[in-house]
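Comments concern the structure below.
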Amino acid sequence: MSTESMPRQLWRDVQVFDGLAQLGETMTVLVAEGRIAGLWPAREFDEAHARGAVEAGRGGVMTPGLVDCHTHLVYAGNRAGEFEQRLEGVSYEEIARAGGGILSSVRATRSASEDELIAASLPRLDALLADGVTTVEIKSGYGLTVADELKMLRVARRLGELRPVRVITTLLGAHALPPEYAGRADDYVSLVCDEMIPAAVAEGLADAVDVFCEGIGFSPAQCERIYRAAKVHGLAIKAHVEQLSNLGGSALAARYGALSADHIEYLDEAGVRAMAEAGTVAVLLPGAFQVLRETQLPPIALLRQYGVPMAVASDANPGTSPICQPTLMAHLACTLFRLTPREALAGMTANGARALGLSELGRIAVDAPADLCVWDIQQPAELAYAVQAGRLRQRVFNGAITHAC
């Protein structure tokens with residue numbers, strides 16, 4: 001159904017979290033042609049606006065559709081064995097250096113067909129949608145050859161055709177060094193820059209480029225080569241940085257105008273300052289922090305001090321955050337990182353959208369796209385306070401109600 005043929009829809013008496021803050025009183029919200037056409041305090045609503053509109057709902061809490069701005073949703077296999085190893089005392093770095101970790105998922109994903117990857121990924125995507133997600137970023141990074149990275153990106157695009165969700169794709173060719181390039185990291189970076197990025201752009205498969213800037217990943221100098229190639233091809237930049245150590249990766253990414261720097265547990269003040277100056281969003285990933293039992297907290301106070309927007313995402317992936325419940329991430333962001341519920345919800349709406357370069361999303365405002373969620377709760381803070389499935393009453397994507405209970 002085109003947005004022009006959709007009926008006008010009216011929600012009454014809803015508490016509204018607009019993406020950055022809770023509005024102060026009960027609101028009436030009108031949607032028309034896939035966009036928010038009106039937003040009024042309930043006591044000021046003129047019933048003339050209701051003519052020809054369908055009464056879509058009453059009461060509850062309305063938020064923007066959730067934006068999961070960092071996932072690795074497409075992969076084959078699982079790494080439950082490594083989860084057990086870590087609980088027995090083996091570190092993430094030890095597992096990775098022994099050929100596990102990311103490379104374990106690479107072997108399984110390389111051997112899977114596109115249809116097999118679709119079948120494996122759809123249940124994970126459906127779990128996100130059932131928890132209110134209307135926009136999701138999906139990274140490659142488990143192929144590490146030109147053909148297999150493009151395969152993953154094609155699957156991600158197809159997922160967006162099979163479900164009512166907006167999919168943003170990110171080429172993460174520099175996720176790990178594939179075994180066939182052992183000892184030749186610079187040669188692999190050349191492959192990413194000279195073949196992988198141009199091929200992804202030629203097929204229209206990537207919206208952004210990401211890197212894993214870390215001692216067990218790629219050096220800042222290698223990442224900078226990839227940023228330059230991304231710039232040449234007109235792709236946005238994102239970065240896995242300062243997760244296990246401080247290599248200055250966030251400041252480097254900010255110098256290249258990165259949309260976001262993600263993980264950032266070891267981020268220092270110089271990096272925070274660089275991100276603030278560049279407008280780079282800090283993406284917090286409490287799922288990986290919890291699963292890896294990390295103890296180094298992201299510098300939340302510094303991010304607040306410098307006014308760096310903070311996004312919160314699931315990091316859904318097979319190894320370090322096998323979790324597809326974004327509202328759980330809001331809870332963990334509060335309990336582990338001491339965000340306020342308002343900050344956590346802004347991180348999953350307005351700031352999550354900003355981390356993808358989609359500033360018109362993640363907001364409830366007149367003329368914004370009508371990506372909305374209505375929740376069976378009394379106040380927005382409950383989404384971060386309680387860990388509970390089944391609270392989503394309605395999910396609205398581009399003005400169409402795609403979930404109702």
Side-chain angles (χ1 to χ4, degrees), residues 1 3 6 9 11 17 19 31 34 56-57 60-75 117-139 152-153 155-170 207 285 287 311-318 321-332 344-345 347-350 352-353 355-356 358 361-364 368-377 380 382-384 386-405:
M1 179 187 295
T3 56
M6 291 178 184
Q9 300 168 94
W11 280 265
F17 181 86
V31 168
V61 169
M62 177 179 283
T63 70
L66 302 187
V67 178
D68 197 346
C69 66
H70 182 131
T71 85
H72 304 256
L73 210 63
V74 173
Y75 60 86
L117 288 173
I118 287 282
S121 302
L122 273 175
R124 297 189 280 266
L125 179 60
D126 287 340
L128 297 183
L129 271 57
D131 208 38
V133 169
T134 53
T135 298
V136 59
E137 185 251 22
I138 301 177
K139 303 179 190 293
M152 291 186 68
L153 293 171
V155 168
R157 290 284 199 225
R158 285 179 59 191
L159 290 173
E161 297 166 358
L162 293 170
R163 292 292 187 268
V165 64
R166 186 177 294 99
V167 171
I168 305 301
T169 55
T170 298
D207 301 306
L285 303 171
V312 177
S314 71
D315 193 18
N317 74 70
S321 189
I323 305 170
C324 297
Q325 189 176 2
T327 55
L328 170 59
M329 298 304 156
H331 174 82
L332 293 177
L345 293 180
M348 302 185 68
T349 51
L356 297 177
L358 302 173
L361 297 178
R363 298 299 310 277
I364 296 179
D371 288 4
L372 304 166
C373 290
V374 180
W375 307 87
D376 280 319
I377 56 178
E382 290 181 51
L383 287 177
V387 180
Q388 180 180 339
R391 294 175 292 178
L392 183 63
R393 183 189 300 174
Q394 292 171 309
R395 175 185 179 274
V396 182
F397 177 66
N398 272 341
I401 297 174
T402 63
H403 169 95
C405 64

pair [X]-[Y]: side-chain heavy atoms closer than 4.5 Å:
X	Y	answer
Leu66	Thr134	no
Tyr75	Val155	no
Leu372	Val31	yes
Arg395	Ile401	no
Leu361	Pro64	no
Leu356	Arg166	no
Leu358	Thr135	yes
Leu383	Ile377	yes

Considering non-hydrogen atoms only, spot the tightest contact between [X] and [Y] and give its length.
X	Y	value
Val165	Leu159	CG1-O, 4.4 Å
Val312	Ala344	CG2-O, 4.2 Å
Cys69	Ala355	SG-CB, 4.0 Å
Trp11	Val396	CZ2-CG2, 3.9 Å
Leu345	Pro380	CD1-O, 3.3 Å
Ala313	Asp68	CB-OD1, 3.4 Å

Is it true that Asp371 and Arg363 have a side-chain N and a carboxylate O under 4.0 angstrom from each other?
no
Sidechain N-carboxylate O distance under 4.0 Å for Arg391, Asp376
no
What's the separation between atom [atom1] in [X] and atom [atom2] in [Y], rounded to the nearest 0.5 Å?
X	Y	atom1	atom2	result
Thr63	Phe17	OG1	CZ	8.5 Å
His72	Ile138	NE2	CD1	11.5 Å
Arg157	Met152	CZ	CE	13.5 Å
Leu162	Leu125	CG	CG	9.0 Å
Ser314	Leu332	OG	CG	11.5 Å

Quick one: do Val67 and Met348 satisfy side chain to side chain contact (heavy atoms under 4.5 Å, CB included)? Show the steps, please.
CA-CA 5 Å; Val67 178; Met348 302 185 68; over 6 Å; no
Check: [X] side chain, [Y] main-chain N or O, donor-acceptor pair, under 3.5 Å:
X	Y	result
His331	Ala384	yes
His403	Leu129	no
Ser321	Asn317	no

Go through the steps for Thr170 and His70 under the test side chain to side chain contact (heavy atoms under 4.5 Å, CB included), then give the verdict.
CA-CA 9 Å; Thr170 298; His70 182 131; over 6 Å; no
Please report the C-alpha distance between Thr327 and Trp375 in whole Å, then the side-chain angles of each, then the deciding distance to 0.1 Å, and finally whether the side chain to side chain contact (heavy atoms under 4.5 Å, CB included) criterion is met.
CA-CA 12 Å; Thr327 55; Trp375 307 87; 4.1 Å; yes
What residues, two or more places apart in sequence or in another chain, satisfy side chain to side chain donor-acceptor pair (under 3.5 Å) together with Thr71?
none
Once side chain to side chain donor-acceptor pair (under 3.5 Å) is applied, do any residues pair with Thr349, and if so which ones, sequence neighbours excluded?
none
Sort and list the pairs that fulfil salt bridge (charged side-chain N to carboxylate O under 4.0 Å, His left out) and have at least one residue in residues 121-139, not counting sequence neighbours.
Asp126-Arg163, Glu137-Lys139, Lys139-Asp210
